[in-house]
Amino acid sequence: RANTVLNDQEYRSGAAVMRSIPPYLRVTIEVRCNIANDKACVYCAWKRMKNEEIGSPTSDLSFIKSLDSYLAVAKAVTDCSYGEPPLHPEFAQIVDLIASDQRAFTFASNGKTMRRKVRQALLGRNVLLYVSIDSATSAGYARYRDLSFDRIVADLRALCREKKLHRNLPHVTVSFIVMNSNKHELRDFIALMHSIGVDRCKLMSLHREDCMEMDGRVQQRGKFVFDYDQEIIPLPELDAIGLEAQGAADEVGLNLYLDWKDFRANHGSDGNQPLCSEPWKSLYVLNRGIFPCCFGRKPLARWTEQGSRPVEQFVEETRNGAAFQEIRHSLASGVFPSYCLSTLSCPIVRKAMTEGAGSASEVEIDARK
């Protein structure tokens, strides 16, 4: 409780150097994926991220335990793997270690691993499960991934039925990346998720990534050609789609979350706080390096720089190092630092660019004006 109070004070005051520990810990659990190991999803920068993982520490139970001083005060621990967490041989033990009544464990899954054994490890636990589907039909799903749609839906139904006898846990959210090729499926998707019994639907936007070159911005699945850049929907249209989807969700009584809208609302400046809370509230200790935010693609420190330092010393010296301090100082001053301006997938930056109607350099303004 004392750490939470101090952390909030440091965030609101825009402290560049932190004494508190961020209450949201982000980690990597698994580097393998039962889709990408064959052929990655069309919008996944799999090859690029696997290249970024070279030289990283082993993602296992012992490494997570080495982060104990951060884990002990965390309100939530989120997996940020480029991989499928339940594939980890220690997955059940990791759930036992992280998930408690006071601390939630959050991870995303493609749903193919939600078989009985994995479901048993999750039932009754303080887990926030995100399953990414992105379509309302098997044929639509195959455009982006593979032929597993029907099995995934069946396992989701089983999980939502079984968890009613276990404190209605885990909490199940199914996500849908809204693109030009699937935006017409939204109403059917919402109806399907309601029939399955999920707790929430999350609609996401396709990010303007610059890291797809190794994987290919144009890919083919059968007769379908996926063109990454052509699939991106502008924010004004996304807002209109979101309104229609919200109406469909309200009709059936399903909780709906719009990441491009709600992230902006929850993380923007109110005139007195920094432009973004991430560098204060969250700590990304990933196998790809240590990052300041969820949208960052370039680590502020790589594991090859650790040397002989223990993990916690390396993390501490990084999170209060010059690069982190510069980011916090800029955000507290109402100015996007260069790191943020190079992260065009961030909804806050995208919104500022849209409202500023100019180039990235023109976003370096006092956002409080």
Side-chain angles (χ1 to χ4, degrees), residues 29-30 33-35 41 76-79 81 83-88 91-96 98-101 103-142 144-178 182 185-204 242 245-259 262:
I29 291 178
E30 182 54 66
C33 175
N34 49 357
I35 291 180
C41 302
V77 177
T78 300
D79 168 72
S81 302
E84 176 67 11
L87 290 178
H88 198 290
F91 179 72
Q93 296 97 307
I94 290 172
V95 173
D96 286 340
I98 295 176
S100 68
D101 287 343
R103 181 176 58 236
F105 173 43
T106 302
F107 73 96
S109 168
N110 57 42
K112 291 181 66 172
T113 52
M114 291 297 117
R115 311 302 285 171
R116 180 177 295 275
K117 183 178 179 180
V118 170
R119 297 200 305 267
Q120 289 295 322
L122 299 176
L123 290 174
R125 309 310 300 268
N126 188 11
V127 170
L128 307 179
L129 167 64
Y130 288 78
V131 179
S132 180
I133 293 184
D134 308 325
S135 181
T137 67
S138 179
Y141 185 87
Y144 313 126
R145 301 188 176 196
D146 60 17
L147 302 176
S148 303
F149 181 85
D150 292 335
R151 195 185 95 180
I152 292 170
V153 168
D155 286 339
L156 266 179
R157 287 190 189 277
L159 176 61
C160 291
R161 180 176 64 250
E162 293 163 353
K163 76 191 191 81
K164 292 179 181 178
L165 301 177
H166 298 271
R167 302 193 297 167
N168 204 33
L169 293 172
H171 187 276
V172 178
T173 296
V174 177
S175 63
F176 184 108
I177 301 176
V178 184
N182 67 1
E185 299 181 48
L186 265 174
R187 183 171 286 273
D188 289 341
F189 174 80
I190 288 170
L192 176 61
M193 293 306 113
H194 176 256
S195 73
I196 291 172
V198 305
D199 297 292
R200 184 175 67 163
C201 283
K202 178 181 180 180
L203 303 189
M204 304 170 64
Q246 186 64 66
D250 290 343
E251 288 176 11
V252 297
L254 183 63
N255 188 355
L256 186 70
Y257 177 90
L258 309 177
D259 85 324
D262 293 342

With sequence neighbours left out, write down each residue that passes side chain to side chain donor-acceptor pair (under 3.5 Å) with [X], or none if nothing qualifies.
X      : result
Arg103 : none
Glu84  : Ser109, Asn110, Thr113
Gln120 : none
Gln93  : none

Report the residues that fulfil side-chain contact (heavy atoms from CB on, under 4.5 Å) with [X], sequence neighbours left out, ordered by chain and then residue number.
X      : result
Ala108 : Tyr130
Ala142 : Leu147
Asp199 : Lys163, Asn168, His171, Val172

Check salt bridge (charged side-chain N to carboxylate O under 4.0 Å, His left out) between [X] and all other residues, then give those that pass, not counting sequence neighbours.
X      : answer
Asp146 : Lys112
Asp150 : none
Arg125 : Asp96
Arg187 : Glu251

Aromatic ring pairing Phe107/Phe91, orientation class (parallel under 30°, perpendicular over 60°, tilted between): perpendicular
Any pair counted as ring-ring contact (aromatic ring centres under 6.0 Å, His included), so long as it reaches residues 149-170, sequence neighbours left out: Tyr141-Phe149
